[in-house]
Every structure is written in C-alpha cells, then in structure tokens.
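Here is the structure we will look at.
For the numbers below, each heavy atom of this structure counts, side chains included, while hydrogens, waters and symmetry mates do not. If you're wondering where the values come from, they're calculated on a predicted model, not measured in any experiment. Here is the naming used below: chain letters follow the sequence lines, and residue numbers restart at 1 for every chain.
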Protein chains: 4
Amino acid sequence: MCPIAKLVEAHKRERRKEARPGELLDAALELFVEKGFAATRAEEVAAHAGVSKGTLFLYFPSKEELFKAVVRENISGRFREWNEAFETFTGDSAAMLHYCLDTWWARVGSTPASGIIKLIISEARNFPDLARFYHEEVEVPGRQLIRRVLQRGVDRGEFRIPDIDHAVFALIAPMMFLIMMKHSLGACSPDSFSVDPQSYIRAQVDLLLSGLCVRKDAA
Amino acid sequence: MCPIAKLVEAHKRERRKEARPGELLDAALELFVEKGFAATRAEEVAAHAGVSKGTLFLYFPSKEELFKAVVRENISGRFREWNEAFETFTGDSAAMLHYCLDTWWARVGSTPASGIIKLIISEARNFPDLARFYHEEVEVPGRQLIRRVLQRGVDRGEFRIPDIDHAVFALIAPMMFLIMMKHSLGACSPDSFSVDPQSYIRAQVDLLLSGLCVRKDAA
Amino acid sequence: MCPIAKLVEAHKRERRKEARPGELLDAALELFVEKGFAATRAEEVAAHAGVSKGTLFLYFPSKEELFKAVVRENISGRFREWNEAFETFTGDSAAMLHYCLDTWWARVGSTPASGIIKLIISEARNFPDLARFYHEEVEVPGRQLIRRVLQRGVDRGEFRIPDIDHAVFALIAPMMFLIMMKHSLGACSPDSFSVDPQSYIRAQVDLLLSGLCVRKDAA
Amino acid sequence: MCPIAKLVEAHKRERRKEARPGELLDAALELFVEKGFAATRAEEVAAHAGVSKGTLFLYFPSKEELFKAVVRENISGRFREWNEAFETFTGDSAAMLHYCLDTWWARVGSTPASGIIKLIISEARNFPDLARFYHEEVEVPGRQLIRRVLQRGVDRGEFRIPDIDHAVFALIAPMMFLIMMKHSLGACSPDSFSVDPQSYIRAQVDLLLSGLCVRKDAA
DNA sequence: GATGAATGAGATTTCATTCAT
DNA sequence: GATGAATGAAATCTCATTCAT
C-alpha cells in the first residue's frame, strides 16, 4: 500500500474510533427510548452501532454508565442561547410564544434527543440522580424561559394571567404530550395521534392565547 | 385451638385466599409503575403482597400475564357511566368541563390506577397489544367524551373552537402532565411539581377557557 | 403419600438444605486448593457439590464471598483447646513436641482443612485481609503455642536454645513443607515426596532435637 | 536529528528490541508471583514491560507459553557449577552447609528468581508438566547436592544421621518457608516475618547442626 | 516490528419458573 | 393450595487474542 493510502486508511480508522462513542450513544438512545433501560440488551445496542459487545464496554464501563452518558449527551444546555434570543426579540408576545415553541420543535422536539424526555419519564425512579440532573438542566431553565416570555406579555399589557406558574404548565404540558405520543403510544397505534406536529403546536398556542369561551369583543 | 376459632381462621383464610389475586395486582401495579416491568422482580411483587414467589405463579402463569392482568384490571370501562352523567348534566359547559376533570381526578387521577398511564407510556413499545387495548378502552372513549362536552358548548353558543380535535388535546395534555409529575419526575425531585392537584386542574381549565390574551370585553 | 412418609421426606429436604452450604464449602476448598481461586469456575464448584450454578449463588452472594467463607470455615480456633492440653501435659518436653505435631497432623494436616494453608499461600496477595485474618487466627497462636513448649523445655533444663524465635520456625517450616508437598508438587510428581507423613514428622522432630553433629556424650 | 544521533538512537532501539522478551519475562515473573497466573492480565504484563499488548503476543504465542517461558527462564541449571564447587571445597562439612545455603540465598533466594518457587507451588496442579520440569531440573539435583554434602559429613565422621533423606528435607524446608514468607504471607502482614534472611539461614543451619537438646559434652 | 481497536468465547451473576414437599 | 429450594436460560462484563494500520 502506498504511503498516501496508508495515511488515508489511518485517518479513516481514527475517525471511526472517535465516532464510536457517538454512534453507540445514538444507538443506545434509540433503543432505551423504545424498550426502556432494563429491557434493552447491551449487545443489541452494540449491534445497532455496528460493533460487537466487547467494543461497547471498551467505551463505557457499564450499561448503567452508558445510560448516564446517553442522558448527559442529549441534555444540551442550549438555554443560554435561547435567553439571548429572548433579549433581542422585538415582536409581540403571542408571536414570541409561537417562535419559542417552533424553535423548540426544530431544535429538540423533532430530533432524536426528544426521546430523552420519554426516557427520563420512564426511568426517573430508577435513576433519581439523573432525574435531578434533568430537572436542573432542563426543567428549571426551560420553565424560567417560558415564564419570562409570559411576564413580558403581562408587562406589555398583552396578556392577563392570574397565575403565571400554572400558565407555564399550560404551555409545557402540550409539548410533553406531543413527545409522549411520538415516542410511546403514537408509535404503536398510529391512529392514536395522527396530527402534524407543527400544526399541533400552532393550534395549542392559539387555543391557549384565545381561550375557548366566546368573546363578545370578537363580535 | 377451639372449633370456633378454627372456623374463624378458616374463614379469614378463605377471604384472604380469594383476595390474593387482587393483592398481587395491587402490589404489581405499584412496583411496575415505580420501577418498570423489566426492572421489577416477580419475587418482590409476591413479597409486597405478602405471599411467596410460588403463589404468584399459581395465580398468573407468567410475569407477562401478570402485567397484562394489571393493565386490564386498572383500565375500567367507566365511560358508560360517565356518558350517562353527560346526558343528565344541566349546567353550562364551562362548569361541565370542570365537573368532568374533577370527577376524573376523584375516580382515576388520585387513585393508584393513575399509575397505569405512566406504565403504559413506559411500556407501550414492549407491549403493543396492551397499547392498542388502552387506546381502544381509554383513549378513544375518553377523547369522545371530552369532544361531546366541547361540542355541547359550541352548540349552546358558549364556546368558539376552531378545531375541536386540538381542543381535546389541550384538555388531556395537562392531565397527562399531572400524572407524569405524580409518578415520575415529581416523585424524585419534589420541588419539580409542588402544586395542589385540584387547584392545578381548576387553573388549567380556567386558563383554557379564558385564554391568555387580554379581552376588551372584560372591561 | 402417607403423612409419616411426608414428614420423613420433608426432613430429608430440610437436612439437604442445611447441608448445602457445607457441601459447597467442601467442594470449593478442594477446587480452590487444586486450581487456585481465579482458575476455579463457580459452576465447577456447584457441580462438585452436586447442585447447579444457581444454587451456589443462593447460598453465597458471590464467588469472592464463597472464598472468604471457605477460609473462615477452615480456620478453626482450636488453640484454646490445645493450650489447655499444654497445661496438663506431664511428660518431658521432647515427648511434648512429638505430641503437639502428631496432634496437629491428626486434626489439621491430614484433613482437607490443611489445604487452606496452600490456598492462603497462593492467594494472600490477592486477598490481603484474609492473609491478616489467617495471621491473627492461626500463625500468631500457633507460634505462641510452640514457643511455650520450647520455653518449658528450656525452663526444665531439657533444651538449650540460643534464639527461640528461630527454633519456632525450625519446627513450623517442615510442617509447611509437608503441606506444600501434599497439596502441590507432591500431588503432581508422586516421586517428589513419597514419604509417610507420620514418619516424616517424627524424623523431623528427632533431627531437630538431636542435631546432625556427632556428640561426644553419645560415645 | 544528526546522523550520529540517529545511529545512537537506532542502536538503543535495537538493544531495547532485543531486550524486549527479557523485560516481558521479568514483568511476567513479578506479576505471576504476586497475583497468580489466572489473575494476571496479559495487558498488565505488557504495561509493566513498557510495551503494548500486541507486542507481548509478538514474542510469545499465548499467555500460557509466556508462563512456561517464565518458569524455564528462571530455573537455571546452575547445579553443574555448584557440583564443581562441591568437589573443591576443603573446609569441614558444617561450614560447607553454611556455604551452600548462603550461596543459594545470594544466587537464588534473594533474587526475583526466588519467586518461581512460590509460583510453582501455586500453579503446579494447573501445569503438571511444569511441575515435573521443576522437579527434574531443581528438586532432584538440589536434593542430590545437599545429600552429597551430608554424606560427606557422615563419611568424614562429622555428622551422625539416622536417615539422610529426612535430613535433606530438614534443610530444604526452612528455605522454602523463607521464600513463602518473602513472597506471600510476609508480603501482606509484615509482622508475620520480620527476620533478616541471612541471620535466619545461619540460625536454621546452626540449630539443625547442634540440636535443641542439652549436650553433656558441651560442659 | 509495534500498536491498540476490535472481537467473541467464556466467566459471573440474576431471576423467571418449576416442582417436591 | 402454598411454599421456597432448585434450576438454567439469559444477561452483563472480562480479557486473551487478532489484525489492520
């Protein structure tokens, strides 16, 4: 083999080596979300990543550590970036809510990382430290961001909200429901949730903004 | 032991004997919800029910059958009764929504049976036939009931709803979220969800009824 | 089956249950001595005891705990009894030495428990806490007992010993050598050590008592 | 790099290269003695020798072959040389015994090669052919040498020995005991054997020469 | 020659399930 | 019917060995 070919080959191998943990984490996320931690066999994860059992344990010392790495890997601290977006947004607060949830869908909800939510829900009681980690890294900053948007609406005279905490939940709950449908029930009985996610998100926000009750001012 | 005492003992025993399967189902529900199906050991279930491992397999041919029985047992077809309530309800539709969800909380949400929802979410992909069963026995009639209430509101000129399907989800999602908090994340980090469930339900319905946006008619 | 037969059977089973740990410990001692801890498979131990793999782990939580139990079981604190024998012995000290080592052979050296010494020698560095345990429970009291016999001989004007510590080793070393031959080299090449143990012990003690050098007083 | 430096490097490298198998054997001896054959990982041996796992298998086709090489390497046929020393020794036989054992300590006992004895003891039953090899190459000629010294003493009227075979063991046993202490129990609990080896050897020989019993001729 | 990523046979350990009592 | 000792299939994890680089 000529020297250049050797270099290329070496490079390939190195690239594969560096890619391995990521490939394993992707495979593990998919299978853990699908079957749960306990019901997923380590060998299956390896096979999905195209390697042998032994290779998995070359990169992760145990199945449990693999699980923790999956969670850590897929919980990104993107909230700094989103908080910055909050500062610079200039439209009205209704548009801002739509923008927030659309962005969430584009960056999280529609990606495999969304599975992490179903995973955490399913395994929280078995991995309480991961649940706390998720709470601190995702729930707290996520709710804080929504709360700031709602508060902005109130401050600008656009929203009237008796209790902001409950309103935060009113926005989060439909997103969680969407994720559950995507990764759990909806994946089994397709007629259980046959809605386009983006229309769903838009509709949920609109409903919450306008309310169900007829408005005399709308007449 | 005197003959009467013996009779009493025998009677107790018989009552216990007949109660066995129920006790096993209760114990299984609790543990499956807490740890998931795969991570729950059959012996633990038996111990929780106060019987031996062998006894469990006397009543249920396998752990999987036990699981299915747990699901079937806790998915009650209460919808006939609730549909009858619908026919006789006389108040306005907002009150009716509140009534529906309050009743759901009293009869399902606040009972151990609520765990079945978290359980189904977690295990749906491993037990697709159970997911379908749940879909048919719970989701479909449940959504249908909510839809009838909403339609009644529209028909009576109380509600204005662009798309009733989405509105149904807007009512269900907060209830699902409540259950998830109760049985998963909230059970780990208590500050994750420290709201009184009944206030939460009331607030969610009110929010959805009135919407977030200020109403000129409120003046 | 008639009730009495039932009782007998039940009794048998119970006896077997109580006998299990002992049978497993015996099998484990034999195999650990023969092949070492690491090279002995847990399943082999179980098979030697006439049970299945699973049964072993019913009685010992891990292979390592089995090993520790083997050592503890076979290190008997018989030294109290032997110290009492020391108090009541009336013969001369040469006879007393013979008596001590003969007794040791009858009670330990010739029994399977002697294997524990080879086992400890082989595994000490992998199980330092067991080595310490052996040191405290066997070496220290064993040497102390020998030392008392030698000191008695000196006090009674029978022995002349420049350094008692070294003399203690001079008695212990041939016994250790005997054990090593029995359980290791001698078990492989039979012509490596084809001596009758009891003659060997007697000869070693006599040699040490009389010394090799010619004695003018013997003339 | 200048051409001379290159040459030096190349030379060093070559020396290293040729030294590899020896370094591996040294590392292997140390680790096998410390932890036993089965509990020593091939990678550890390689790491101790400063090479990679792959390199070990470049020089030795398997871990087992490495083990055999370790044993063969450390069982030197020094007995021809020692037998020659026997022919030329002119002092009395007591001095000759001291000389023999001192020499053994200097050439074997105090060197890493002494570990081979503990290793053979521990692994004999797993590698019977090695045990036989050790028996033929070390035990037989070693005992033969000791026997010749003792016989010389008897022939010269210096020693009176009822059974020379037993007397041979009486000299070997304390040396084996010393080695066991050095490599096993003494390495764990240091207070188990806190004697200077050379004093120990001298004392053991002296004890055996003079015996424990008081001698009237000493007056 | 040297490396170390990858492999997979084999070991330990768990646990659903059986069945003699 | 009830028990729990026993089983062995299946899972996790280790590590000697290979081989592409």
Among the nucleotides [options], which one has an atom lying closest to any side-chain atom of [X]?
X	options	result
D:Phe57	F:dT14, F:dA16, E:dG1	F:dA16
D:Val51	E:dT17, E:dT3, F:dT12	E:dT3
D:Tyr59	E:dT12, F:dT7, E:dA2	E:dA2

Whether D:Phe127 and D:Phe37 hold their rings parallel, tilted or perpendicular, with breakpoints at 30° and 60°: perpendicular
Could you go through B:Glu123 and A:Lys35, starting from their C-alpha distance and side-chain angles, then the distance that decides it, and tell me whether this counts as salt bridge (Lys or Arg N to Asp or Glu O under 4.0 Å)? CA-CA 7 Å; B:Glu123 306 292 341; A:Lys35 314 161 69 122; over 6 Å; no
To the nearest 0.5 Å, how far apart are CG in B:Leu24 and CG in B:Leu29? 12.5 Å
Donor-acceptor pair, side chain of C:His183 and main chain of C:Lys118, under 3.5 angstrom: no
Should C:His48 and C:Asp26 count as side-chain neighbours, where that means a heavy-atom distance under 4.5 Å? no
Under 4.5 Å between any side-chain heavy atoms of B:Ile116 and B:Val70, yes or no? yes
Taking for each residue the nucleotide of DNA chain E with the nearest heavy atom, is it B:Arg41 or C:Thr40 whose nucleotide lies nearer the 5' end? C:Thr40
Given DNA chain E, 5'-ward residue of the pair B:Phe37 and D:Gly54, judged by closest heavy atom: D:Gly54
Both distances under 3.5 Å, Watson-Crick or G-U wobble: report the partner of E:dT12, or none. F:dA11
pair_partner(E:dT21), Watson-Crick or wobble, both distances < 3.5 Å, evaluates to F:dA2
[N] [atom2] sits how many Å from [X] [atom1], rounded?
X	N	atom1	atom2	result
B:Phe60	F:dG1	CZ	P	13 Å
C:Glu43	E:dT14	CD	C1'	14 Å
A:Leu56	F:dA11	CG	C1'	13 Å
B:Leu58	E:dA16	CG	C1'	15 Å

OP1, OP2 of E:dA2 versus side-chain N and O of D:Ser52: anything below 4.0 Å? no
For E:dT3, does either OP1 or OP2 sit under 4.0 Å from a side-chain N or O belonging to D:Thr55? yes
Ignoring hydrogens and geometry beyond distance, is the side chain of C:Lys53 in donor-acceptor contact with the base of E:dG10 at under 3.5 Å? no
Shortest non-hydrogen pair, D:Ala39 vs C:Asn126, comes out as CB-ND2, 4.1 Å
Residues in residues 61-73 of chain B with a heavy atom under 4.0 Å of DNA chain E, by number, are B:Ser62, B:Lys63
